[in-house]
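Remarks on the structure that follows.
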Amino acid sequence: MSRLVVVSNRIAIPNKSKSSAGGLAVGIMDALKNTSGLWFGWSGEISEISGEEEEELDIVEKDGITYATVPLNQNDYDLYYCQFSNAVIWPAFHYRIDLVDFQREAWEGYCRVNDLLARQLQPLIKPDDILWIHDYHLLPFAAALRKIGVTNRIGFFLHIPFPTPEVFNALPTHKELLEMMCEYDLLGFQTETDRNAFVENLDQLTPLEDVAPNTHRAFGHTFKTEVYPISIAPDSIKQMAEGPLPPKIDMMKRELSNAKNIISCERLDYTKGLPERFLAFEALLEHYPQHRGKVRYSQIAPTSRGDVQAYQDLRHQLEMEVGRINGKYGSLNSTPLYYLNQHFDRRLLMKIFRLTDVGLVTPLRDGMNLVAKEYIAAQDPEDPGVLVLSRFTGAANEMTGALIVNPYDRDEVAAALDQALTMGREERISRYNEMMKILRENDIAHWGETYLKDLRALPERGSEKSSTAKAATP
Ligand SMILES: O=P(O)(O)OC[C@H]1O[C@H](O[C@H]2O[C@H](CO)[C@@H](O)[C@H](O)[C@H]2O)[C@H](O)[C@@H](O)[C@@H]1O
Ligand SMILES: O=c1ccn([C@@H]2O[C@H](COP(=O)(O)OP(=O)(O)O)[C@@H](O)[C@H]2O)c(=O)[nH]1
């Protein structure tokens with residue numbers, strides 16, 4: 001079987017703290033092991049090198065996987081990661097055009113870093129490798145590789161939503177981005193809505209021909225689009241959740257048992273709907289006074305992309321809101337809202353999920369949201385908690401046993417919280433079983449296998465255009 005080469009902005013280098021790629025790591029690790037694969041990406045480090053000099057690759061091998069990483073210099077980190085990826089594409093693709101801070105210099109930096117990464121990867125590519133590129137930092141990556149003669153099959157998976165034309169067209173370089181994306185052979189999306197939006201954008205901007213179901217021709221390239229909802233490994237989450245409690249959590253368990261517990265956990269990001277959620281919790285305390293003093297909402301929100309202005313603004317806003325709500329509804333012996341601006345180890349998190357009554361997951365827009373799936377998998381099957389889930393997450397398509405809410409409607413969310421807090425055991429078990437069935441069928445292994453099966457089934461570009469040279473061998 002041909003070797004798999006995975007490229008993502010963040011990679012899970014063994015034993016390195018800044019490298020975490022979250023759920024993605026679990027998903028592709030197995031596939032990489034099966035083919036003695038290569039994982040290439042940013043090391044998470046900022047180097048001292050500036051100007052024209054190229055960074056050196058760091059290559060390590062562990063458990064049959066080769067990890068090749070490269071640091072970014074300060075200027076590239078600012079332009080490619082902070083500015084274009086996270087202050088242009090991220091807000092626009094999550095329907096927040098108001099937060100887009102477009103600057104031509106950042107666009108050029110974004111393309112330059114994609115070119116640079118492609119040049120560094122090229123010598124490592126073997127003729128029969130298949131390449132799987134991840135996420136919005138690397139939309140131009142296939143185009144960058146094609147420019148330097150790589151003809152291998154290259155697939156792409158977008159972890160975040162793809163916006164409809166009204167929003168996408170607001171990006172000054174939208175046509176260039178779309179044309180570059182057509183250099184991929186297979187484009188995978190989290191939901192059918194995202195896939196449709198991509199195709200609709202193409203249809204509006206360029207002549208688009210459908211050559212077979214989900215196989216298109218545009219800008220002179222033939223490519224396939226498909227939907228692959230990312231997931232989790234439910235049995236491994238279950239194991240993490242039911243293992244023995246560390247002493248600190250064991251103590252906390254006793255404290256938690258004095259109240260009904262609502263838990264939320266995500267990166268501190270404006271797409272996750274935190275201020276709106278705080279107001280919904282306030283509406284619960286206001287309109288359902290029977291819960292006052294008897295409910296505790298814990299919000300875990302580790303800092304993310306702290307060098308980007310919009311993330312700093314959000315943090316200040318949340319700190320003020322927490323103080324206001326606790327000031328209003330707290331008492332000398334109860335604090336309704338616990339806000340923790342800290343990162344929690346994932347294994348510990350799953351144990352905490354299991355100890356709570358309600359998982360509150362209300363992003364304003366989210367590609368998938370693995371926390372929603374993890375919350376369910378972590379529950380005790382005999383006495384499960386209830387998931388309250390935003391309809392604007394990819395997860396809402398599958399987690400149909402959750403209480404589905406509109407996160408912009410604080411009264412609807414408050415009513416769902418009340419329903420969740422008072423739901424009987426039988427209904428909770430029935431909803432849990434419905435969702436676990438889906439999680440078991442569509443687990444993370446299924447996600448990786450179906451994607452790679454489809455990518456392997458596509459013809460190589462070299463077989464279409466015999467004039468193009470194959471990738472260089474090392
Ligand atoms: O790398 P960071 O800038 O620190 O951000 C962390 C990751 O956030 C995003 O996650 C997305 O992918 C998840 C898995 O498919 C999905 O469940 C979630 O809805 C998305 O928001 C981002 O897409 C990743 O590239 C980042 O590494
Ligand atoms: O303090 C934290 C916060 C989050 N996570 C994990 O980070 C991932 C977040 O993925 P999700 O798809 O929910 O959102 P993203 O951050 O990718 O937008 C999940 O596996 C969480 O369990 C974690 O380990 N510790």
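When reading the values below, keep in mind they use all heavy atoms of this one structure, side chains included, and skip hydrogens, waters and symmetry mates. Each ligand, and each atom within it, is numbered from 1 in the order the structure gives. Being a predicted model, the structure only gives us computed values, none of them experimental.
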- Item | Student check: side-chain heavy atoms of L337 and E321 closer than 4.5 Å | no
- Message: Regarding D366 and K272, does a basic nitrogen lie under 4.0 Å from an acidic carboxylate oxygen?
- Response: yes
- For I300, is at least one N or O under 3.5 Å away from an N or O on ligand 2? no
- Between the candidates H159, H94, Q190, R305, which shows the shortest non-hydrogen contact distance to atom 26 (C) of ligand 1? R305
- To the nearest 0.5 Å, tell me how far T164 OG1 sits from D194 CG. 10.5 Å
- Message: For A241 versus A378, what's the shortest heavy-atom pair and its separation?
- Response: CB-O, 3.4 Å
- Message: Give the atom numbers and elements of ligand 2 that come within less than 4.0 Å of a heavy atom of R346.
- Response: 20 (O), 22 (O), 24 (O)
- Item | Atoms of ligand 2 close to F344 [distance to a heavy atom under 4.0 angstrom, numbered from 1] | 1 (O), 2 (C), 23 (C), 24 (O), 25 (N)
- Hey, is R10 touching ligand 1 through its side chain, its backbone, both or neither, going by heavy atoms under 4.0 Å? side chain
- Task: Would you check whether V371 has a nitrogen or oxygen atom less than 3.5 angstrom from a nitrogen or oxygen atom of ligand 2?
- Result: yes
- Query: What part of W42, side chain from CB on, backbone N/CA/C/O, both or neither, has a heavy atom under 4.0 Å from ligand 1?
  - Reply: neither
- Which of parallel (below 30°), tilted (30 to 60°) and perpendicular (above 60°) describes F278 and Y297? perpendicular
- Item | Atoms of ligand 1 close to I160 [distance to a heavy atom under 4.0 angstrom, numbered from 1] | 23 (O)
- Message: Within the 4.0 Å heavy-atom shell around H137, which atoms of ligand 1 are there?
- Response: 25 (O)
- Item | Basic-acidic side-chain contact under 4.0 Å: R112, E108 | no
- Item | Side chain, backbone, both or neither: the part of I232 lying under 4.0 Å from ligand 2 by heavy atom | neither
- Query: In ligand 2, which numbered atoms sit nearer than 4.0 Å to a non-hydrogen atom of E374?
  - Reply: 19 (C), 20 (O), 21 (C), 22 (O)
- Item | E242/K238 ion pair, N-O < 4.0 Å | yes
- Query: Counting both backbone and side chain atoms, is some N or O of W90 under 3.5 Å from an N or O of ligand 1?
  - Reply: no
- Note: A372, heavy atoms under 4.0 Å from ligand 2, region reported as neither
- Message: Please check whether D366 reaches ligand 2 - meaning an N/O of the residue sits under 3.5 Å from an N/O of the ligand, judged on distance alone.
- Response: no
- Item | Nitrogen or oxygen of W90 less than 3.5 angstrom from that of ligand 2 | no
- Message: Out of all atoms in ligand 2, which are within 4.0 Å of some heavy atom of K272? Include the element for each.
- Response: 14 (O), 15 (P), 18 (O)
- How far apart are the C-alpha atoms of E226 and N214, what are their side-chain angles, what is the distance that settles it, and do they pass the side-chain hydrogen bond (donor to acceptor under 3.5 Å, both in side chains) test? CA-CA 7 Å; E226 206 37 271; N214 289 9; 3.1 Å; yes
- Item | Ligand-residue contact atoms, ligand 1 with Y81, heavy atoms, under 4.0 Å | 2 (P), 3 (O), 4 (O)
- Under-4.0 Å heavy-atom contact with ligand 1, by part of H134 that carries it: neither
- N/O separation below 3.5 Å, E266 to ligand 2: no
- Could you say whether the N/O atoms of M350 and ligand 2 ever approach to under 3.5 Å? no
- Does N406 reach the main-chain N or O of Y408 with its side chain, forming a donor-acceptor pair under 3.5 Å? yes
- Task: Show which atoms of ligand 1 fall inside a sub-4.0 Å distance from at least one heavy-atom site of G367.
- Result: 19 (O)
- Does R195 make a cation-pi contact with F189, if we ask for NZ or CZ under 6.0 Å from the ring centre and within 45° of the axis? no
- Task: Applying side chain to side chain contact (heavy atoms under 4.5 Å, CB included) between L452 and each of L4, N34, L186, report the one that passes.
- Result: L4
- Query: When rounded to the nearest 0.5 angstrom, what is the spacing between CG in D76 and CG in L116?
  - Reply: 6.5 Å
- Task: Please test R354 against Y375 for side-chain hydrogen bond (donor to acceptor under 3.5 Å, both in side chains), starting from the C-alpha separation and ending with a verdict.
- Result: CA-CA 8 Å; R354 194 179 176 94; Y375 181 78; over 6 Å; no
- Any N or O of N369 that comes nearer than 3.5 Å to an N or O of ligand 1? yes
- If you count the atoms of ligand 2 from 1 in the order shown, which ones are under 4.0 Å from a heavy atom of R267? 15 (P), 16 (O), 18 (O)
- Message: Ring-plane angle category for F168 and H174, please: parallel below 30°, perpendicular beyond 60°, tilted otherwise.
- Response: perpendicular
- Are any of the N or O atoms of S304 closer than 3.5 Å to those of ligand 1? no
